[in-house]
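Remarks on the structure that follows.
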Amino acid sequence: GTVQFSGLTYGATYYLRLQSGEAPFTICVTENSAGAQVNDDCDQPTNLTVAPYGSCTPSLASLASATPSALAGPACVNFGGSLLDLFYSFTATGSAQIVHLTYPGDMVNTGYGVSLYDSCTGNAISCNYPLNEPSGSSDVYIGGLTAGNSYLARVYALSFDADSVGICVTAAPPPTAIACGGATVHESYCYPANDVHQWAYHSSGSGAFSLTFTGGSIESSDYDGLTIYDGTDANAPGLYQNPVDPTDNT
């Protein structure tokens, strides 16, 4: 792993103390040649333009070159350590957006995270950690937004995990039109670990709308969550939430 130390004085001598009960190790000290990131603090975020769903080019940066910020730690990070973070802003184009994050694909036990705020000193809207897909990318669906409002995305990792990072923001997927009285729309999906996925449907016509699960299972909501809303985002009335204890077999 790599640990970054900041706030040092040029020309001063420092000592490193290492303790380990593991096998022998090697160590080296290098200059941080990447330099400071412009968006290292929440008052100077990098602005992102919301792209159409399924089409975005991540803005790349070195999270290892970031420094800890004065902002309180994200609520979903529940253990100690030096947290390095970068900040991005975007203007919402709808009530829901998807934050797409790319990172090294070997985050096994911890990983990267992204939290959303309504301003630099405002309220936390969403907290998502750890994002540790082996594929090295995650899509985080965030609802309850107001089109035209600006939001702040905070990307972070513990210092020994921090490396390169890419981020872009897209519109939410458009709902699939279901023609009343027309052909049944069949879909199947198998979710991997740490997955975030969503579907949206709307009816065209005056008939009844029916959503039927014909097979499959989902683990307890202590670990995996399936929620069905009667509306366009998580602010709509809830129709279903999988139970806490048993695996739900349909």
Side-chain angles (χ1 to χ4, degrees), residues 1-12 14 29-51 56-93 97-104 107 110-132 136-142 144-170:
T2 300
V3 178
Q4 175 179 292
F5 298 97
S6 60
L8 307 183
T9 300
Y10 180 78
Y14 295 89
V29 180
T30 64
E31 180 184 7
N32 182 0
S33 59
Q37 299 294 313
V38 175
N39 56 338
D40 197 20
D41 293 312
C42 67
D43 59 350
Q44 291 184 309
T46 295
N47 186 62
L48 302 174
T49 300
V50 178
C56 71
T57 301
S59 174
L60 303 177
S62 171
L63 192 55
S65 300
T67 60
S69 70
L71 202 62
C76 53
V77 181
N78 57 7
F79 53 89
S82 177
L83 199 70
L84 306 183
D85 49 14
L86 296 173
F87 294 87
Y88 300 84
S89 63
F90 67 91
T91 300
T93 59
Q97 313 275 237
I98 294 177
V99 177
H100 178 76
L101 215 65
T102 62
Y103 43 82
M107 303 287 101
T110 54
Y112 280 39
V114 59
S115 292
L116 199 72
Y117 301 82
D118 58 10
S119 69
C120 188
T121 58
N123 299 316
I125 297 172
S126 173
C127 191
N128 306 273
Y129 178 87
L131 304 174
N132 53 4
S137 68
S138 294
D139 286 332
V140 179
Y141 180 91
I142 302 173
L145 307 180
T146 300
N149 283 7
S150 294
Y151 295 93
L152 192 71
R154 179 188 191 184
V155 178
Y156 48 85
L158 293 172
S159 59
F160 50 79
D161 280 331
D163 205 318
S164 60
V165 65
I167 181 175
C168 55
V169 182
T170 75

Problem set entry | V165 side chain reached by L86 side chain, heavy atoms, under 4.5 Å | yes
Exercise. Out of curiosity, N39 CG to S59 OG, how far, rounded to the nearest 0.5 Å?
Worked result: 7.5 Å
For this session: Any chance you could lay out the side-chain contact (heavy atoms from CB on, under 4.5 Å) test for L158 and L83, step after step, and finish with the verdict?
Result: CA-CA 4 Å; L158 293 172; L83 199 70; 3.8 Å; yes
Problem set entry | Nearest-0.5 Å distance, OG1 of residue T170 to OH of residue Y141 | 10.5 Å
Problem set entry | Test item: Q97 and L145 side chains (from C-beta on) under 4.5 Å apart, heavy atoms | yes
Exercise. Which distance, rounded to the nearest 0.5 Å, do you find between the NE2 of H100 and the OG of S137?
Worked result: 4.5 Å
Problem set entry | Beyond-backbone contact of R154 with Y117, side-chain heavy atoms, under 4.5 angstrom | yes
Exercise. I142 versus Y151: any side-chain heavy-atom pair under 4.5 Å?
Worked result: no
Problem set entry | Separation between CG of N47 and OG of S150, rounded to the nearest 0.5 Å | 7.5 Å
Exercise. Hey, does V140 have a side-chain heavy atom less than 4.5 Å from the side chain of L101?
Worked result: no
Exercise. Looking only at side chains, do S126 and N128 share a donor and an acceptor under 3.5 Å apart?
Worked result: yes
For this session: Would you please test F87 and L71 for side-chain contact (heavy atoms from CB on, under 4.5 Å) and show each step?
Result: CA-CA 11 Å; F87 294 87; L71 202 62; 3.8 Å; yes
Problem set entry | Spacing of T57 atom OG1 and I167 atom CD1 [to the nearest 0.5 Å] | 13.5 Å
Exercise. Looking only at heavy atoms, which two atoms of S138 and Y103 are closest? And how far apart?
Worked result: OG-OH, 2.5 Å
For this session: Check the side chains of S69 and Y156 for a donor-acceptor pair under 3.5 angstrom, ignoring hydrogens and angles.
Result: no
Exercise. To the nearest 0.5 Å, how far apart are OG1 in T102 and CG in L131?
Worked result: 11.5 Å
Exercise. Stepwise, does the side-chain contact (heavy atoms from CB on, under 4.5 Å) test hold for T91 with V50?
Worked result: CA-CA 7 Å; T91 300; V50 178; 6.0 Å; no
Exercise. Just wondering, do P104 and Y112 contact through their side chains at under 4.5 Å, heavy atoms?
Worked result: yes
For this session: For the residue pair S82 and L84, establish whether any side-chain heavy-atom pair is separated by less than 4.5 Å.
Result: yes
Exercise. Hey, is the main chain of V155 close enough, under 3.5 Å, to the side chain of D85 for a donor-acceptor pair?
Worked result: no
For this session: Check P74 against S115 and note the closest heavy-atom contact, atom names and distance.
Result: CB-OG, 3.7 Å
Exercise. Taking the side chain as C-beta and beyond, is there a heavy-atom pair between V169 and C56 under 4.5 Å?
Worked result: no
